[in-house]
Amino acid sequence: MASGWGITGNKGRCYDFWMDFSECMSHCREPKDCALLREDYLECLHHAKEFRRRNQIYKEEQRQIRAAARKAKEDTEGGDGDHHH
């Protein structure tokens, strides 16, 4: 994917950003002159990954909710019988 081409052979979403940044880097006096273009490119990449990450977070939250519900059920059913004072 580093080439900017997607799996399907179409241009990647961030290809244009990469080209702008790459072109800037090839004729800038110092890399910081292209910092904003680099930010745009990384921002583009981040958004591409964000959906996947959000999906993973959602799945993890659901897993924790189920685990907490299971634990609460065990507690109410007397799963901790050794806490008599």
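For the single chain, residues carry numbers from 1 onward in sequence order.
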>> Would you compute the distance between atom CG of Asn55 and atom NZ of Lys59 and round it to the nearest 0.5 angstrom?
In response: 5.0 Å

>> How long is the straight-line distance from CG of Asp75 back to CD of Glu77, given to the nearest 0.5 Å?
In response: 9.5 Å

> Does Phe17 have any ring-ring contact (aromatic ring centres under 6.0 Å, His included) partners at least two apart in sequence or in another chain, and if so, which?
Replying inline: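 Scan of Phe17 (ring-ring contact (aromatic ring centres under 6.0 Å, His included), adjacent residues dropped) gives none.
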
> With Ile65, which residues qualify under side-chain contact (heavy atoms from CB on, under 4.5 Å), at least two apart?
Replying inline: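 Counting only residues at least two positions away or on another chain, Ile65 forms a side-chain contact (heavy atoms from CB on, under 4.5 Å) with Gln62.
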
> With sequence neighbours left out, which residue pairs that include part of residues 39-76 fulfil the disulfide bond (SG atoms under 2.5 Å apart) condition?
Replying inline: Cys14-Cys44

> Residues in salt bridge (Lys or Arg N to Asp or Glu O under 4.0 Å) with Arg63, at least two apart?
Replying inline: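 So Arg63 forms a salt bridge (Lys or Arg N to Asp or Glu O under 4.0 Å) with Glu60.
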
>> If the condition is salt bridge (Lys or Arg N to Asp or Glu O under 4.0 Å), which residues does Asp20 pass it with, not counting sequence neighbours?
In response: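 Scan of Asp20 (salt bridge (Lys or Arg N to Asp or Glu O under 4.0 Å), adjacent residues dropped) gives none.
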
> Do Leu42 and Met19 share a hydrophobic cluster, counting only Ile, Leu, Val, Met, Phe, Trp and Tyr and linking them when any side-chain heavy atoms are less than 4.5 Å apart?
Replying inline: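 Yes, same cluster.
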
Can you give the donor-acceptor pairs under 3.5 Å from side chains of residues 24-32 to other protein atoms, not counting sequence neighbours?
| unit_1 | atom_1 | unit_2 | atom_2 | d |
| --- | --- | --- | --- | --- |
| Ser26 | OG | Glu23 | O | 2.6 |
| His27 | NE2 | Glu23 | O | 3.1 |

> Is the Trp18-Phe21 ring centre distance short of 6.0 angstrom?
Replying inline: yes

